[in-house]
Number of protein chains: 2
Amino acid sequence: MPQALKIAVPKGSLYADSVAALGRAGLDIQGLSDPGRQLRVCSGDVEFYIVRPSDVPVFVSYGGVDCAICGRDSLEEAALDVIELVDLGFGACRFVVAEPEAANRPADADYQRLGVMRIATKYPRITARYFDQQGVQVDIVKLHGNIELAPLSGLAERIVDITATGTTLRENRLRIVSEVMASTARFVGNIASVRTDPRIRELAQRLGEHK
Amino acid sequence: MPQALKIAVPKGSLYADSVAALGRAGLDIQGLSDPGRQLRVCSGDVEFYIVRPSDVPVFVSYGGVDCAICGRDSLEEAALDVIELVDLGFGACRFVVAEPEAANRPADADYQRLGVMRIATKYPRITARYFDQQGVQVDIVKLHGNIELAPLSGLAERIVDITATGTTLRENRLRIVSEVMASTARFVGNIASVRTDPRIRELAQRLGEHK
């Protein structure tokens with residue numbers, strides 16, 4: 001009997017679509033529909049690990065799992081070695097720069113004369129890359145959650161965050177200043193596992209065929 | 001009328017005790033008892049911000065708030081400039097090194113011959129400092145949550161995590177190998193705010209008197 005294939009599934013907003021996609025690809029996903037507090041679900045020769053989105057790239061690249069479903073946002077921010085196999089299409093969202101609606105602010109270029117703009121984000125790497133490309137100097141403050149509190153409290157002038165429907169931005173009276181990048185869910189594999197275990201490319205093919 | 005005093009209160013396990021302590025110190029905490037989705041609560045000349053524990057040191061040191069209640073764990077990990085004013089005593093927990101109960105592992109010293117031990121943790125700075133002090137070389141894998149999945153999946157041999165009652169460790173069949181440090185909740189202030197706003201030291205004194 002072969003070793004169990006270990007698959008990480010992201011908690012949170014991508015979870016339901018990820019489980020559905022794995023089901024359409026022929027895996028037994030019964031144990032995933034209501035796992036409760038259980039974070040490891042065994043099903044035949046597959047072991048599912050239910051993992052925080054931002055931790056998925058870590059589990060894949062360090063070999064804690066063989067493959068996973070993961071948002072492009074988490075992949076880009078982690079910048080770890082994994083093989084991207086399929087763009088699954090769901091989980092579409094955008095990275096945006098946003099600021100308070102009430103703000104009467106100078107243009108980006110004018111900030112250079114006025115001092116350095118402070119940006120709060122959960123994604124310091126993506127944020128730094130974006131403003132580097134724009135040639136705008138910024139001071140990045142890394143937060144773990146509730147980024148909308150940063151402009152509210154005066155911690156930062158702007159934020160870089162993910163938005164799907166824009167509801168959180170509207171609720172917090174933030175308006176989009178510019179777009180950084182778009183993201184969808186991807187199927188990714190550990191480099192060594194993809195080379196040695198044919199089940200991963202087979203699963204990738206079925207996931208691609210049944211999008 | 002003076003500017004509002006901005007106070008950060010940590011979400012999660014320290015929240016209830018923090019609110020109670022601020023109430024005993026004479027602040028109007030009515031709006032904090034059931035804030036719902038609201039993360040800013042205004043009460044007279046005080047503004048409360050309900051913030052993720054790991055983000056509290058960021059808000060204090062960058063001046064998003066004037067003062068805050070924060071666990072020593074988050075303070076040590078953030079290593080940012082804030083002034084610690086009172087040890088509030090509640091929220092006691094310990095940082096421990098843990099491994100699977102089933103593990104039949106060599107002593108720390110023997111790992112040096114066998115290769116580098118991998119440690120998963122939410123607290124890479126505290127973990128690095130601890131193993132440096134022990135003179136043990138380790139490979140630290142930073143995760144954002146559910147650290148107990150790391151030894152379960154084979155991502156890491158051991159973890160460094162916080163435990164209050166030990167329940168999560170027991171549920172995941174992990175045993176404590178050694179203790180790293182102890183933590184309690186602290187009242188802390190922004191450096192400039194403590195210098196310029198006497199209300200912070202007054203609040204510190206009342207918090208200390210009514211522990």
Side-chain angles (χ1 to χ4, degrees), chain A residues 3-4 6-12 37-42 47-66 68 74 77-78 80 118-122 124 139-157 167-168 171-172 190, chain B residues 3-4 6-12 37-42 47-66 68 74 77-78 80 118-122 124 139-157 167-168 171-172 190:
Chain A
Q3 233 190 332
K6 300 197 280 184
I7 304 177
V9 184
K11 278 189 180 183
R37 288 191 61 182
Q38 214 181 331
L39 298 174
R40 177 168 65 172
V41 174
C42 299
E47 276 175 20
F48 295 106
Y49 290 84
I50 302 168
V51 173
R52 289 222 187 176
S54 56
D55 288 341
V56 173
V58 179
F59 274 83
V60 177
S61 88
Y62 284 86
V65 298
D66 298 303
S74 303
E77 184 59 31
L80 291 166
R118 204 184 270 170
I119 313 272
T121 186
K122 274 199 274 190
D139 184 7
I140 296 170
V141 179
K142 151 103 192 192
L143 293 176
H144 292 84
N146 299 120
I147 308 302
E148 64 272 20
L149 271 179
L152 208 62
S153 70
L155 177 64
E157 280 95 22
T167 309
T168 305
E171 279 181 2
N172 291 283
N190 171 274
Chain B
Q3 234 191 333
K6 300 198 282 183
I7 306 177
V9 184
K11 278 187 178 182
R37 289 190 61 182
Q38 213 183 331
L39 298 173
R40 177 169 65 171
V41 175
C42 300
E47 276 175 20
F48 294 107
Y49 289 85
I50 303 170
V51 173
R52 290 223 186 174
S54 56
D55 289 339
V56 174
V58 179
F59 274 83
V60 177
S61 88
Y62 284 86
V65 298
D66 298 303
S74 303
E77 183 60 30
L80 291 167
R118 204 184 270 169
I119 313 272
T121 186
K122 276 198 274 190
D139 184 8
I140 296 170
V141 179
K142 151 102 192 192
L143 294 177
H144 292 85
N146 299 120
I147 308 300
E148 63 273 19
L149 271 179
L152 208 63
S153 70
L155 176 65
E157 280 94 23
T167 308
T168 305
E171 279 181 2
N172 291 283
N190 170 273

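So you know, we letter chains A, B, ... as the sequences are listed, proteins then strands, and number each from 1. Keep in mind the model is a prediction, meaning the values are calculated, not measured.
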Quiz item: Say you draw a straight line from CZ of A:Arg52 to NZ of B:Lys122; how long is it, rounded to the nearest 0.5 Å?
Solution: 6.0 Å

Self-check item: Which atoms of B:Lys142 approach chain A - backbone, side chain, both or neither, heavy atom under 4.5 Å
Solution: both

Quiz item: If you measure from CG on A:Asn146 to CZ on B:Arg40, what distance do you get to the nearest 0.5 Å?
Solution: 13.5 Å

Practice problem: Give the minimum heavy-atom separation between A:Ser153 and B:Phe59, together with the two atoms involved. | Solution: OG-CE2, 3.4 Å

Self-check item: Top contributor to chain A interface from B:Gly145, B:Gly63, B:Ala120 [non-hydrogen pairs under 4.5 Å]
Solution: B:Gly145

Quiz prompt | Contact summary for B:Tyr49 and A:Leu149, nearest pair of heavy atoms | solution = CD2-CD2, 3.6 Å

Quiz item: Which atoms of B:Val58 come close to chain A, meaning under 4.5 Å heavy atom to heavy atom: side chain ones, backbone ones, both, or neither?
Solution: both

Practice problem: Check whether B:Glu47 gets within reach of chain A through its side chain, its backbone, both or neither, counting any heavy atom under 4.5 Å. | Solution: neither

Self-check item: Option that, when pairs with chain B are counted at under 4.5 Å, heavy atom only, ranks first among A:Ile50, A:Asp55, A:Leu155
Solution: A:Asp55

Exercise. List in chain and number order the residues that pass side-chain hydrogen bond (donor to acceptor under 3.5 Å, both in side chains) with B:Thr168, two or more places apart in sequence or in another chain; answer none if no residue qualifies.
Key: none

